[in-house]
Every structure is written in structure tokens, then in C-alpha cells.
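Keep in mind it's a predicted model, so treat the numbers as computed, not measured. Below, all heavy atoms of this structure are taken into account, side chains as well, without hydrogens, waters or symmetry copies.
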Amino acid sequence: MEGSDGVPIDLFVSKTKLHITSSAFNLKFTDSSSNLVFSVDRPPPRSDLRFKRLLSDSSGNPLIFISHNQKAASWEGFSAEGNNNNNNHPLLFRVERTTKSFTRVEFQVFLNNQNSDDFKMRGSPFYRSCTIYKGDSIVAQVTSLMYKLGIQKALVPRNRFRLTIFPGYADHAFIVALTVIFFYGRKLWI
């Protein structure tokens, strides 16, 4: 799934509720042919309790554990590689909310516990959209199909979104993890 030929990659995101009475949900990322590319579920019962979600590839291989740090009001992504019995997973990135209003949310992304802020996420909870930046360049964009398609919105369920990853950035799992944090993070921080 490389975007090296200069063509953006579209992934379609769908939310499914875990239970009718629950507000928790899982996310599935599929390509234009409805093939599963990534999935986000609750981590296995034996994993570290601080992990809230697990990003896996289409084969079910764990990629990134996502954790919510309530004390610091931030989210963290840990590598899921290695032995599950050893809870020593290296930190990959940390995400902090910098702006919050009714119409706008902004997140700062810090890689590998460094203080450099290479990535930013800016989004609108109302329009269910988000843009991910690296410096001044747009890396990816999440849009709600309901608002994008206009008059056809009656035919598109509210739980469907499109993630477009633009050419030039190859770590798609990282971009998907940031998208997951936007979905879960906006619900906790707004």
C-alpha cells in the first residue's frame, strides 16, 4: 500500500458500536474495494491496562497500542511489537490538545518523546473532519462522507468517513493512529 506513484490513498473508515447500550466503538479501515487494511479494537485481556485501543493490520498483527493519559490530558502511541507478556513497549509518539472550541480542535504531535512538534492535527468536531500536517505540508485529511457528498447525505451513514493519505508519507499506520486519536480524543476532550 505505497503511495509512491504520486496518487493519494483513500481509506474508508467505519465505526461500529460494541454494544447497543455502550458508547464505545471499533473502527475499520478499508480500501476502495472494501478490503480490510487496518482495524482498531480493544486490546487483548492480558495486555497492559493503560492501553485503550489496539491498531492492527489486515492480518490481525498488532501495530500500535493507544493509551489515554488522563493526568496529562494526552494520548500516547506505543509499539505493539515484542512479547505481550513483557509490558515494556517503547513510546512512539505523544499527542496533546492545544486548542479546543465548539468549532475547532487542534492537537500537537510529539515523536519519540522529543519536544519537537513536527506534526499537528486540526479539525472540526461539528463537521467531523480533521487535517494532519507535517510542518506546513498536508499529510492526510479525514472527511465525513455525509458532509462531503451534499445532497446524497441521506444515502451515506453517519458512521462512515474517508481518510486520504497524500503521497510522500509512507507510515500509514502512524497516520491511522492519529486518526483514531482524533475520533476518540474529540469525544473525551470536547
Within this structure, what is the [atom1]-[atom2] distance for the pair [X] and [Y], rounded to the nearest 0.5 Å?
{"X": "Phe166", "Y": "Ser137", "atom1": "CZ", "atom2": "OG", "value": "11.0 Å"}
{"X": "Thr98", "Y": "Lys120", "atom1": "OG1", "atom2": "NZ", "value": "7.5 Å"}
{"X": "Glu106", "Y": "Ser124", "atom1": "CD", "atom2": "OG", "value": "13.0 Å"}
{"X": "Ile66", "Y": "Leu54", "atom1": "CD1", "atom2": "CG", "value": "8.5 Å"}
{"X": "Gln141", "Y": "Cys130", "atom1": "CD", "atom2": "SG", "value": "9.0 Å"}
{"X": "Leu91", "Y": "Ser79", "atom1": "CG", "atom2": "OG", "value": "10.5 Å"}

Would Arg122 pass as a cation-pi partner of Tyr133, given that its NZ or CZ must be under 6.0 Å from the six-membered ring centre and within 45 degrees of the axis?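 Verdict for Tyr133: a cation-pi partner in Arg122.
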Over-ring placement of Arg97 relative to Phe107, 6.0 Å and 45° cut-offs: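 Not satisfied by the 6.0 Å and 45° rule.
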For Asp171, what residues pass the side chain to side chain donor-acceptor pair (under 3.5 Å) criterion, not counting sequence neighbours?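 Once residues adjacent in sequence are excluded, Asp171 has no partner under the side chain to side chain donor-acceptor pair (under 3.5 Å) criterion.
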Partners meeting side chain to side chain donor-acceptor pair (under 3.5 Å) with Thr164 (sequence neighbours left out):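 Once residues adjacent in sequence are excluded, the partners of Thr164 under the side chain to side chain donor-acceptor pair (under 3.5 Å) criterion are Asp10.
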I would like to know whether Phe12 and Ser32 meet side chain to side chain contact (heavy atoms under 4.5 Å, CB included); could you show each step before the answer? CA-CA 7 Å; Phe12 295 92; Ser32 59; 4.2 Å; yes
With a 4.5 Å heavy-atom cut-off, do [X] and [Y] have their side chains touching?
{"X": "Leu36", "Y": "Lys28", "result": "yes"}
{"X": "Leu55", "Y": "Val176", "result": "yes"}
{"X": "Val95", "Y": "Leu178", "result": "yes"}
{"X": "Ile9", "Y": "His172", "result": "yes"}

Identify, with sequence neighbours excluded, every residue that meets side-chain contact (heavy atoms from CB on, under 4.5 Å) alongside Ser34.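 Counting only residues at least two positions away or on another chain, Ser34 forms no side-chain contact (heavy atoms from CB on, under 4.5 Å).
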Suppose we screen for side-chain contact (heavy atoms from CB on, under 4.5 Å). Which residues come up paired with Ser33, at least two apart in sequence or across chains?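 Residues passing side-chain contact (heavy atoms from CB on, under 4.5 Å) with Ser33: Asp31, Asn35.
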Sorted by first residue and then second, give each salt bridge (charged side-chain N to carboxylate O under 4.0 Å, His left out) pair with at least one member in residues 129-142; sequence neighbours left out.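 Passing the test, one end in residues 129-142: no pairs.
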Which atoms form the tightest heavy-atom contact between [X] and [Y], and what is the distance?
{"X": "Ala140", "Y": "Ile175", "result": "CB-CG2, 3.5 Å"}
{"X": "His89", "Y": "Phe78", "result": "O-CD2, 3.3 Å"}
{"X": "Leu63", "Y": "Ala173", "result": "CD1-CB, 4.0 Å"}

Can you name the residues that form a ring pair (Phe, Tyr, Trp, His ring centres under 6.0 Å) with Phe174, not counting sequence neighbours?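 Residues passing ring pair (Phe, Tyr, Trp, His ring centres under 6.0 Å) with Phe174: Phe93, Phe119.
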As a test of understanding, state which of Val40, Val142, Leu11 forms a side-chain contact (heavy atoms from CB on, under 4.5 Å) with Thr179.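 Single side-chain contact (heavy atoms from CB on, under 4.5 Å) partner of Thr179 among Val40, Val142, Leu11: Val142.
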Determine the interplanar angle of the Trp75 and His68 rings, folded into 0 to 90°, and report it as parallel if under 30°, tilted if 30 to 60°, perpendicular if over 60°.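 Tilted.
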Chi angles and distances behind the side chain to side chain contact (heavy atoms under 4.5 Å, CB included) call for Ser56, Phe38: CA-CA 6 Å; Ser56 303; Phe38 295 105; over 6 Å; no
For side chain to side chain contact (heavy atoms under 4.5 Å, CB included), just list the numbers for Val180 and Leu27, CA-CA rounded to whole Å, side-chain angles, deciding distance to a tenth of an Å, and then say yes or no. CA-CA 8 Å; Val180 171; Leu27 297 174; 3.9 Å; yes
